[in-house]
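Note: hydrogens, waters and symmetry copies are ignored here, and every other heavy atom, side chains too, is used.
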Amino acid sequence: MYTDVLILLFAAVLLVAIFRRLGQPVILAYLLAGVLLGPHGAAVITGQAIMQTIAELGIVFLMFSLGLEFSLPRLIAMRMLVLGVGGLQVLFTSSLFFWLAWWWGLSLPQALVVSGTLALSSTAVVIKQLGEQKQLHTRRAQLGVSVLLFQDLAVVPLLVMIPILARPEIQGGALLAEIAWATLKGLFALFSLLAVGKWLLPLLFHEVARARSDELFVLTALLVALLAASLTQWMGLSMALGAFLAGMMLGESHYRHQLEVDIRPFRDVLMGLFFITIGMTMDWQLVARAWWQVIISVLGLILIKSLLVLLAGRLMGERKRDAMATGIMLSQVGEFGFVLLALANHHGLLDHQLISLLIGIGVISIAMTPWLVQRAHGLARSLTDSALLSRSEVAQSGLSKHQHVIIAGFGRAGQTCARFLKLEDIPFLALDLDPERVSEAKSAGEQVAFGDASRRDILLAAGLLRARLVIITFDDRKRVEAMLALIKELAVDVRVLVRTRDDSFLEAFKQAGAHEVIPESQEGALMLVSHLLLNCNIPIGRVIRRMEHERSSQYRFLHGFYWGDQSASNLETDQLLERLHPVLLHDQAWAVGRTVQALALDTVRIKEVQRGEQSLEPRPELMLVAGDLLVLFGNAVAMEQAEQRLLEGR
């Protein structure tokens, strides 16, 4: 037994590290460890009976943690989504898969287990992927969480029914009576544990907390979980049900967070062993022989679950794109599906071949989940919003517009422009590629449509030929240049303003057809300077003239700065940025006695020449003398060459 545990831990550590590096869920690492070490692999694990016992404890603590995370107030707050979208998803998916399994020739109990397994999705994997990709705030994530919450509830009746369905002697009316009796026992267990959790457990944990012993707190939590599991097992129900109820009754207490932290190490280790035993159950050779059936089943599973979630979402009034993205994210087999398979295998309800195929389908679908979650939004958008739909939406919005402003990009800058245009009663139409932003803005009555403003058909549909002006507010050089080229080709008389972060591409945009380029960093600096001068009692007329002169000279006075250690962030790009650099001409310097015109410094310019207390303008005929301090302006690479030429003549 000791050797078995050692081998398991070594394989688990190695595979978890590899799968983490590959960005794959760790569940797959545990399943693969079981496949490699189990009877259908290297067959190095001998004490499988003990492993099964440990795996059952893993299920107990997994369900206990699920109960802790289950929040009745959150369920009530999200009841429309949970009961609406989640309930319809489970109903549609389980019904369809039940019919397919029944049509395939499975018995009623077997079809029920298979449909329940395939209807569930992976809460742990999906939530983790959404968190890592910072998508938990999106509407599609909220829909996904709601569906997962209902699925977690749907596990409970399945846990109650599987032990009953596994008894072949119970048929017909006796089966219904047994299910009704099990339901009554489940309700009795629920209310009993809730009563214990409301009146006895707070007193118990209060005394335990007063002892200020971490060991005692952990032992008490373990004891409560196992006692609840033993109670439901004694009543003829599954241990997992009791563990879930125990976690649920403690989930609303103020000990919840400490319990989650204390129980997590046991849960993670035992849950890992549970998935290893699931991997041991799978006959990989059988799955490999039926590989084309497994692949088709996985693709069919993803397609069916995506479409059924889309249907459920649309029936509850959700946007097509959000519902479709949610369906794509939830199209895998979940960890609780493996729990149901383990329970069915324990009671002999499913044969070994079917369990292996279902595990193979689950493994492949979970392996695809990170990619599906990451691409869900893009796939949903491409499937639900064709180019024709985008053009028609834009055309409908721009049809009545004349002498209007087209705002390309409806972010912070675009929305600010729109607000001031509305104050002056100037018509406008904004185009943006963020569907959530467009939906929110349109709901509030804004003149905005979904569309890519750098495409010819979208610009024409927006009424480019009737527009007075176009302002580009997004920060994407390639798209800006493409849009400028299109406008120059289609409507050369339409003025174009371009907003940029800085003046790096100011000249390029001007040459591409922009009438004005407004760099935010330079405009911010000018605004700061204008306030500075006004507070120094400089007349406002002079301040305005200085600002306008700087804009007309394309911010040349603001170009170039003295750099320090904190200025650089990227070595490759920063070598090309312009900066200021002083060079002192000593007595033997090559430039001494020569005019500025004769220096031939190529791309480097002399910004000023400091001679003693004087600051001289670098005119071409100015003769340089020893002691002059030349302030050079250019990029780092050219600056080094210019300094070498000034001092050494090379």
Side-chain angles (χ1 to χ4, degrees), residues 1-59 61-62 117-118 122 124-125 128-129 265-295 297-298 301 332-346 348 350-371:
M1 178 60 189
Y2 174 77
T3 305
D4 290 345
V5 173
L6 186 62
I7 293 172
L8 279 177
L9 287 177
F10 177 78
V13 169
L14 180 62
L15 289 173
V16 167
I18 293 173
F19 275 69
R20 281 287 190 187
R21 183 65 62 88
L22 296 175
Q24 289 291 328
V26 295
I27 291 176
L28 296 178
Y30 293 128
L31 291 169
L32 180 59
V35 172
L36 295 176
L37 302 178
H40 304 289
V44 296
I45 303 300
T46 57
Q48 292 191 32
I50 300 177
M51 291 297 170
Q52 290 292 341
T53 302
I54 296 176
E56 289 181 4
L57 291 176
I59 297 175
F61 287 110
L62 176 63
T117 299
L118 297 179
S122 178
V125 176
K128 182 176 182 298
Q129 292 297 322
F266 299 94
R267 181 201 65 185
D268 292 345
V269 172
L270 294 173
M271 189 177 68
L273 291 174
F274 161 69
F275 285 116
I276 288 175
T277 59
I278 290 292
M280 290 179 180
T281 308
M282 186 179 79
D283 186 347
W284 68 270
Q285 294 178 339
L286 175 65
V287 175
R289 285 195 298 270
W291 65 269
W292 64 272
Q293 295 172 313
V294 173
I295 296 298
S297 298
V298 170
L301 177 71
Q332 71 289 129
V333 175
E335 57 271 10
F336 294 116
F338 293 119
V339 172
L340 296 180
L341 289 179
L343 195 59
N345 183 51
H346 176 73
L350 297 178
D351 61 69
H352 174 69
Q353 180 179 359
L354 182 57
I355 289 178
S356 293
L357 292 175
L358 289 173
I359 293 174
I361 292 171
V363 168
I364 296 174
S365 66
I366 290 178
M368 295 177 65
T369 299
W371 184 86

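Taking both residues in full, the closest heavy atoms of Val35 and Gly279 are given as CG2-O, 3.4 Å, listed atom of the first, atom of the second, then distance. Between Ile355 and Leu341, the shortest heavy-atom contact is CD1-O, 4.3 Å. Residues Gly360 and Met282 come closest through the heavy atom pair N-SD, 3.7 Å. When all heavy atoms of Leu301 and Leu118 are compared, the pair lying nearest together is CD1-O, 4.0 Å. Closest approach of Gly337 to Thr117, counting heavy atoms only: O-CG2, 3.7 Å. Heavy-atom minimum distance, Gly362 versus Val333: CA-CB, 3.7 Å.
The distance from the CD1 atom of Ile359 to the CG atom of Leu354 is 10.0 Å, given to the nearest 0.5 Å. To the nearest 0.5 Å, the span separating CZ on Arg289 from CG on Asp283 amounts to 6.5 Å. In this structure, Ile364 CD1 and Ile295 CD1 are separated by 4.0 Å, a value rounded to the nearest 0.5 Å. The OG1 atom of Thr281 lies 12.5 Å from the NE2 atom of His346; values are rounded to the nearest 0.5 Å. The structure places CG of Leu358 at 10.5 Å from CD of Gln353, a figure rounded to the nearest 0.5 Å. In this structure, CZ in Phe338 is found 15.0 Å from CG in Leu343, a value given to the nearest 0.5 Å.
In this structure, Thr277 and Phe274 have side chains that are in contact, with non-hydrogen atoms separated by less than 4.5 Å. By the 4.5 Å heavy-atom criterion applied to side chains, Trp284 and Val363 are not counted as neighbours.
With sequence neighbours excluded, the residues that form a ring-ring contact (aromatic ring centres under 6.0 Å, His included) with His352 are His40.
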Given Leu357 and Gln293, is the side chain to side chain contact (heavy atoms under 4.5 Å, CB included) satisfied, shown in steps? CA-CA 9 Å; Leu357 292 175; Gln293 295 172 313; 5.6 Å; no
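The aromatic rings of Phe275 and Tyr30 lie parallel to each other, with less than 30° between the two planes, well short of the 60° mark.
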Table please: side-chain donor-acceptor pairs of residues 16-29 below 3.5 Å, with sequence neighbours left out.
none

